[in-house]
**Student:** 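Please see the structure below; I have some questions.
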Number of protein chains: 2
Amino acid sequence: MHEEVLERIRERRWKPGDAIPREDELAREFGCARGTVNRALRALAEAGILDRRRRAGTRVALHPGGKATLDIPIIRREVEARGQTYSYALKIREDAVPPSAIREAMGLRRDDPTQRVLSVHSADGRPLAIEDRWINLAIVPMAAKADFTRISANEWLVTHASYTHGDIAFSAQAASDAEAALLHIDPCVPVFVIDRTTWYKADAVTTVRLTYAPGYRIHTRL
Amino acid sequence: MHEEVLERIRERRWKPGDAIPREDELAREFGCARGTVNRALRALAEAGILDRRRRAGTRVALHPGGKATLDIPIIRREVEARGQTYSYALKIREDAVPPSAIREAMGLRRDDPTQRVLSVHSADGRPLAIEDRWINLAIVPMAAKADFTRISANEWLVTHASYTHGDIAFSAQAASDAEAALLHIDPCVPVFVIDRTTWYKADAVTTVRLTYAPGYRIHTRL
DNA sequence: TAGTGGTCTAGACCACCGT
DNA sequence: CGGTGGTCTAGACCACTAG
């Protein structure tokens, strides 16, 4: 069902913008229950292949497939999955007042308790990524007692803190002097950067910048 | 249902690694049909929040929420959505033999008909992205007749060609001399790069490199 | 092999939103 | 307003796989 509809779209029998038959018509045509048709079409709509609206019916999306789902893996697992040996070094851990840009992004006041954790993840002994993180201790007080010399803040938070929503951004940056030193590269070299902030209801949980060594790419299938 | 399960995970009543009750038990607890439970749990599993296996039951994922879905928008729409004026310039269009790296990535022979289309997308008159594309004319012969001076190859292909699968990669690169000239920036400046190749069954449809002007970021919510 | 999720059915009522 | 998708039910059988 799902596959048959996809096939008709790919064969261009149903083209972008076209309306396709109603659920009950398709159910008769395929000789199945409407619920089955509904499930198949809803899945295709979630994938961005179809546009569905009550009363207006179902149409092939104008720009089908304009979505990609990325895995955001734990760095350790990513390294180990490539068969490399992972290592990790904690560089800075301090209770400190974040710079105003961070405070603003997290919606924090100057007197909110925050902890900064800066560490380097390495693959086969070579620096792979810098993790520069600020944790809101008011929301995750347990983090103050966690042993970030053994497990990365990245990994600790994934299993010990929950979030309701967040945002993530990918960009290209020139390595700063400090970043270059940690990654053993020259300053101003292009590096791939991921900025992520997560929230629990109205409160920021943590914000992190991951700065990857040159050559890093995020890859996914469509 | 969906929300209630999410809430229990976020409250850490069900923690990563924990097994949660069977579908029929939850159905009794919530006073609904098993089908309803199944739909809710299946949705959470697709989102990476739950791990489900027949016979083994349902568990909270060890690394919940390790997925992000990105919109891969048409550049024109992306610009217009920001309220900027979009413009587009075709720079190169030629039937040519792709370099061996491209041929290899697309699985083409030297005598397969291919067309190169290189263009620049601009926002408010400022170059935003270079689109450097190779099209497999054996699979999309209509592309030879398309008017790429008016509509970008990007946009034309989305509505006139289908694909069964593809892959996409994001990386940070140093701008080459040619790219720097087209984007009106200095060489070696960090630029965000998207490489994408799409396939129809066993044949490559097109491969494209989008090179974005400095400052570009991809952003999404989690 | 037994227990779990995966999928389907036939029917029902509801919510939304173009016309 | 009416027609469409959205969601639910109660039941059934199947497919997979852990023990």
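Every chain is numbered from 1, with letters handed out A, B, ... down the list of sequences.
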**Student:** Ignoring the backbone of B:R55, work out which of C:dG5, D:dG19, D:dG3 is nearest its side chain.
**Tutor:** D:dG19
**Student:** Do the side chain of B:T159 and the main chain of B:E155 share a donor and acceptor less than 3.5 angstrom apart?
**Tutor:** yes
**Student:** What's the CG-P distance between A:L41 and D:dT4, to the nearest Å?
**Tutor:** 14 Å
**Student:** Find the distance A:H2:NE2 to C:dG6:C1' and express it as a whole number of Å.
**Tutor:** 15 Å
**Student:** Is it true that the side chains of B:H2 and B:R39 contain a donor and an acceptor less than 3.5 Å apart?
**Tutor:** no
**Student:** Counting heavy atoms from C-beta on, name the nucleotide in D:dG6, D:dA18, C:dG6 closest to the side chain of B:R42.
**Tutor:** C:dG6
**Student:** With a 4.0 Å cutoff (strictly under), does any side-chain N or O of A:T58 reach OP1 or OP2 of D:dG5?
**Tutor:** yes
**Student:** Rounded to whole Å, please give me the gap between CD in A:E23 and P in D:dT7.
**Tutor:** 11 Å
**Student:** Take atom CD1 of A:I20 and atom C1' of D:dT4, then tell me their distance rounded to the nearest Å.
**Tutor:** 13 Å
**Student:** What nucleic acid atoms does B:A56 come within less than 4.0 Å of, heavy atoms only: base, sugar-phosphate, or nothing?
**Tutor:** sugar-phosphate
**Student:** If I take atom CG in residue B:D24 and atom P in nucleotide D:dG11, what distance separates them, rounded to the nearest angstrom?
**Tutor:** 13 Å
**Student:** Which residues in residues 30-38 of chain B have a heavy atom closer than 4.0 Å to any atom of DNA chain C?
**Tutor:** B:R34, B:N38
**Student:** Under a 3.5 Å cutoff on both atom distances, Watson-Crick or G-U, what's the dot-bracket for DNA chain D ([ ] crossing, | other strand)?
**Tutor:** ||||||||||||||||||.
**Student:** Return whichever of B:R53 or A:R52 has its heavy-atom-nearest nucleotide of DNA chain D closer to the 5' end.
**Tutor:** A:R52
**Student:** Spell out, as yes or no, whether a donor-acceptor pair under 3.5 Å connects the side chain of B:E131 to the backbone of B:N154.
**Tutor:** yes
**Student:** Using a distance-only test with no angle check, is there a side-chain donor-acceptor pair under 3.5 angstrom linking B:R133 and B:T206?
**Tutor:** yes
**Student:** Starting from P on D:dG6, measure out to CG on A:L44 and report it in whole angstrom.
**Tutor:** 12 Å
**Student:** Rounded to whole angstrom units, what separation is found between the CG atom of A:L50 and the P atom of D:dG6?
**Tutor:** 11 Å
**Student:** Please state how far atom CG in B:D51 lies from atom P in D:dA18, giving the value in whole angstrom units.
**Tutor:** 12 Å
**Student:** Evaluate A:D132 against A:R116 for salt bridge (charged side-chain N to carboxylate O under 4.0 Å, His left out), listing each step before the verdict.
**Tutor:** CA-CA 7 Å; A:D132 189 0; A:R116 185 186 188 202; 3.0 Å; yes
**Student:** Decide whether B:T85 and B:D124 meet the rule of one side-chain donor and one side-chain acceptor closer than 3.5 Å.
**Tutor:** yes
**Student:** Between B:E29 and B:R8, does a salt bridge (charged side-chain N to carboxylate O under 4.0 Å, His left out) hold up when you go through it step by step?
**Tutor:** CA-CA 14 Å; B:E29 177 182 344; B:R8 292 190 188 181; 2.6 Å; yes
**Student:** Within the 3.5 Å criterion, strictly below it, is a donor on B:S152 or B:R76 matched to an acceptor on the partner's side chain?
**Tutor:** no
**Student:** Of the candidate nucleotides C:dT4, C:dA15, D:dA18, which contains the atom at the shortest distance from the side chain of A:R54?
**Tutor:** C:dA15
**Student:** For residues 196-204 of chain B, dump all side-chain donor-acceptor pairs below 3.5 Å to protein atoms at least two apart in sequence or in another chain.
**Tutor:**
| unit_1 | atom_1 | unit_2 | atom_2 | d |
| --- | --- | --- | --- | --- |
| B:T197 | OG1 | B:T207 | OG1 | 2.8 |
| B:K201 | NZ | A:E7 | OE2 | 3.4 |

